[in-house]
Amino acid sequence: MTDMSSAGRQLPDRLDNPLKSAVLSWESLLVLVALAIFVGNSFASPYFLNPWSLSDLTFNFTEKGLIALAMALVIITGEIDLSVASIIALASTLMGFALHTFGVPTPVLVLVGVLTGLGCGAFNGFLVTVLKLPSIVVTIGTMSLFRGLAYIILGDRSYGGYPRDFAWFGQGYIGDSVISFELVLFAVAAVLFYVLLHHTNFGRRVFAIGNNATAAQFSGVRVDRIKFVLFCLTGLMSGLAAVLLTARLGSTRPSIAQGFELDVITMVVLGGVSILGGAGSIIGVVIAALIIGLVTFGLGLLNVPGIVMSIFTGSLLIVVIALPILYKMWKERRA
Amino acid sequence: MNRILKNREVWLALAILAVVIGVTLRFPRFSQPGNLLTIFNDTSILMMLALGQMAVILTRSIDLSMASNLALTGMIVAMTNAAFPFIPIPLLIAGCVVAGAALGAFNGILVWKLDIPPIVVTLGTLTIFRGLVFVISGGAWVNAAQMSTDFIQLQRGVFLGLPILSWFAIVVAALVYVLMTRTTLGRAFYAIGVNPTASVYTGINVGRTKFMAFVLSGAISGLCGYLWISRYVIASVEVAGGYELTIVAACVIGGVSIAGGIGTVGGALLGAIFLGVVNNALPVIGVSPFWQMAISGAAILLAVVLNARGERSKGRIILKKAEVVA
Amino acid sequence: MTDPILTLSGISKSFPGVRALHKVALELYPGEVTALIGENGAGKSTLVKTLTGIYQPDEGEIRVGGQVVSLPTAIAASNAGITAIHQETVLFDELSVAENIYLGHAPRNRFGLIDWKTMRAEAQKTLDAMAAGIDAGIPLKELCIAKKHLVAVARALSIDAQVVIMDEPTAALSQKEIEELYVLVDLLKQDGKAILFISHKFDEIFRIADRYTVFRDGEMVGKGLIKQTPQGEIVRMMVGRPVDQIFPERSATIGQTVLDVQGLSHPTEFEDISFAVKKGEILGFYGLVGAGRSEVMQAVFGMTAPSSGTMVLDGRTIAPRSPADAVEAGIVYVPEERGKQGVITGEPIFKNVSLPSLDKTSRNGFLRMVEEFKLARTYTERLDLRASSLSQNVSTLSGGNQQKVVIAKWLATLPKVIILDEPTKGIDIGSKAAVHGFMAELVAQGLSVIMVSSELPEILGMSDRIVVMREGLIIDTLDNRNLQPETLVRLAAGIAQEQAA
């Protein structure tokens, strides 16, 4: 065997121009799509460009987006968590339970929601990393289990009467501005996750696991520990989303957030994260969250019912994955 | 003897028996033949769906769109019946099977030709199919008054002491059993699940085989679309909402390995019956039906833990004395 | 003379960075065994994959029975009458032995359904004719590797194949089983099948082959009749250089014991493994494929948990429960399966190299790319890595250069003990010499090296002491002074002295 790549003694760091690859990236394509939908929306409805309706728009993606940030990392390692919506249901139910049984104050209420999420995530993580079970079956199971527990507690009743200061988490704005607390929280979380995934050792190991978990393990990466942390993180973000959603809706039913997992996964995949693991970026996920928000809001302005919107989300999920594959096949056929 | 004890169908049958005996001890009427037949009839649809799902899971795939497929074909057949009550029911049933198979083929094509992971494809079609139910019905229901008598009564007829619905399950189970054990296609489901690379060498087209599994699960979903609607005599957007997980649960409990290649018709049927028995037992022993979801979730987790214990490789067998033990 | 059944002419195949086959030719004759001879990386596996429809040649012609055929898929190859028995038996663990033999061409009854009874009976008949001693009804997973091999042969017999490719069929077999295999090969010959027998063991080739074709570095360098060609001639063609391979001179002074392993055991893989490696020493592990050497090393590296035994590193007892623990303690492992366990394909060179050293290159857990590039450059240049840039994806490198990336990755962690598992398997001769030279350099710097190898010249040329393993046990530990290759082979295969002589 001979080597066709000739060598100099001094190896350059890289050959390609980083600017050029940035322009041609999936993220820039997403930005274009987002802009197009934005322009389309502003033509479709005269109310769209009003600051308050733009602010309303953000509520369409902040809660799911928070979960998508963590889910992106889970999917990059080649795992998946289908139980996120059920975690919201259980966390919300336990918050309502704590409020109505013990009359706890708002800070404790938030703590209950977030810790429930963390606990559920840790349970998923335990099953996946300690008992070595496939995450897809585990989270299909806990998807039933967590929401099932919510049904056991609540049945067909609902919890309401959340305190005013609690409602602020889902309905409040920063000062007198039109910027909601949820949006600020999402922005902060996005920056944190961006740094975590792209600028820390932890993030580098997440990618290594997704590319080849066995080789990563053989390279001294503590694969199980990292996966466990990621499931906990996803649970935690779901708990946080439960706080926001409960505060925004002001009530809890066991059916809360039904089908959220699909929207979250769609955001992640649309954002360019490979469902097979090993590739993806937080910027992509953030833009994808924005796109989903824009689309749902735009269709809402046109009075399209929610269930029909879900056709759109479902198709988007498939089309976004199919297009690059079709493009590649088309290119190969021409070659 | 050893082989019988290693057989998980035997253990599952014993578990079901234990539940039945446990409930009977306090509520003797539970195990009267009539009630047991009712449970069987109640579980018929789940049994058929579990068999379709098993074929897909054997090929290292998953079909999360079965319940939505069922709802969509169910709505189509209900609306057709309401609009054209003169169309004979057997023709409607055939139409359901074809429509369901077509929806399954859509999943299968994406998996086969574009190589998109099945979980992504069927998560997408799960929402698309259900959204389409709304689109074609405009959100309206089709209720008993709009359906023809034949449409509703067919499955309630009794033949040899069993309702026709039960006979549907028995016939489908027999057909799937023959397919799985006696045909090239059925063995190919197993082969590509056990070892996709080796399957290619033996001349099996892996993509096409997966496609066929999706067509099968789709056809069964379509058939169950009619059976479900005519049983509960209402067609709406919410029909069988979330039921896809119950189907997967039945398979997992029945010992079908999510990693592919392992699973039997008997196991999948017992998995479904286990869920059916538990769900029927709950109201009898005075537990609220709201427990159902959590119990099936717990059952999935328990089953997958037990499956994994059996499947876990214990390293290579190199030592001579270890070979004797194994 | 009869015409060949299968003729290849002008076949070429390239991969990014590697020219695997260059205008090779091959003829196979009915009722004859043709040996395909060549070192690792000579292009034998690529040829097999081309013949079985897994790879498409870039150019060239394949003729079966005089007709030009194309083999776009494995099915096409099978339909053309070509079947292969592979190095790693690719069969179906969960299915029964009978079904493994008949999958794809099972007997049917008059309804077109699979006839299990006939299938099982036929399978049993084939197995009995081979004196395999296997019950066709049991699941394949209950058989050991050697028996699975026999099932693969039975499968080839049951298919109406004209061409049977046997790819290193004896690698995992005991001496007795190899003898049984020879009988089977004769059976296939009498059946008029053309057999391509791939091996690098000369005793086997001279025992059963009628013809030979030699590959070197992806080219065909010679062919002929075995009977008319002296062994030395073929060896010369195969290696293309004097047979005595040059191994580097070593000046390392051997010091204190660094790693001491005592009584390491595992329920099924190995038992009572005790050895010690000293500072500046290369300790060789020799044995047949599947003797349990890699399994022992992976337990030392924390990948699998041993059931008992102790390990002492530099006077401190250690019990690594994961590779991460082992690396922290100072033990690193270059795995045999480079593509699956060694490099992270899909990631660039520098990320591969820095992965275990991130704690050193980063600050407070935050990446510092400048430091990573510096680290990667330092170590890859020491190994003379051939690449276009440090951001090149490792999957586009040749096997030899991938191996250099793996070694560079570990050297950057400044280990005390480095374990190399078949370090030169499947890499070109140039890289081989580089890896050997580097091992000598490492021990000169005071590292301890454990080298698992199945290649006699390598084990004899590089080791200070040699541990021989067989069936999960250590058979002997020998000083590498005036050792005869026959001694090692005899110990590894379990052949008594008088039989070998």
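We name chains A, B, ... by the order of the sequence lines, and we start the count at 1 in each one.
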Query - Residues of residues 126-134 of chain B with any heavy atom under 4.5 Å of a heavy atom in chain A - result: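 Within residues 126-134 of chain B, near chain A: T127(B), I128(B), R130(B), G131(B), L132(B), F134(B).
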
**Report entry** Interface residues of residues 104-125 of chain B facing chain A - heavy atom cut-off under 4.5 Å
**Finding:**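 Checking residues 104-125 of chain B against chain A gives L110(B), K113(B), L114(B), I116(B), P117(B), I119(B), V120(B), V121(B), L123(B), G124(B), T125(B).
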
Requested in this report: Using heavy atoms and a sub-4.5 Å threshold, report which of residues 264-278 of chain A line up against chain B, by residue number.
Outcome: I265(A), I275(A), L276(A)

Query raised in the report: Mind checking which of residues 142-156 of chain A sit less than 4.5 Å from chain B, heavy atom to heavy atom?
Result: T142(A), M143(A), S144(A), L145(A), R147(A), G148(A), L149(A), Y151(A), I152(A), G155(A), D156(A)

Query raised in the report: Is the count of non-hydrogen atoms from other residues, nucleotides or ligands lying under 6.0 Å from F290(B) atom CZ greater than 12?
Result: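 Count over threshold, so yes.
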
Query raised in the report: Counting heavy atoms not belonging to R60(B), are there more than 12 under 6.0 Å from its CZ?
Result: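 Yes.
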
Report task. Please look at V237(B) and chain A and tell me whether the side chain, the backbone, both or neither of the residue comes under 4.5 angstrom of a heavy atom of that chain. Result -> side chain

Query raised in the report: Where does A249(B) contact chain A at under 4.5 Å (heavy atoms): side chain, backbone, both or neither?
Result: neither

Query raised in the report: Pick from T313(A), I136(A), L262(A): which one has the most heavy-atom pairs with chain B under 4.5 Å?
Result: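 Top option by heavy-atom pairs under 4.5 Å: L262(A).
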
Query raised in the report: Most heavy-atom pairs under 4.5 angstrom with chain B, which of P134(A), S86(A), S315(A)?
Result: S315(A)

Query raised in the report: To the nearest 0.5 Å, what is the distance between CG (L64(B)) and CG (L82(A))?
Result: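 That separation rounds to 7.5 Å.
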
Report task. Check each atom of L316(A) against the heavy atoms of chain B and say whether the ones under 4.5 Å are side chain, backbone, both or neither. Result -> neither

Query raised in the report: Is there side-chain contact between I140(A) and I62(B), with at least one heavy-atom pair below 4.5 Å?
Result: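 Answer yes - side chains close enough.
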
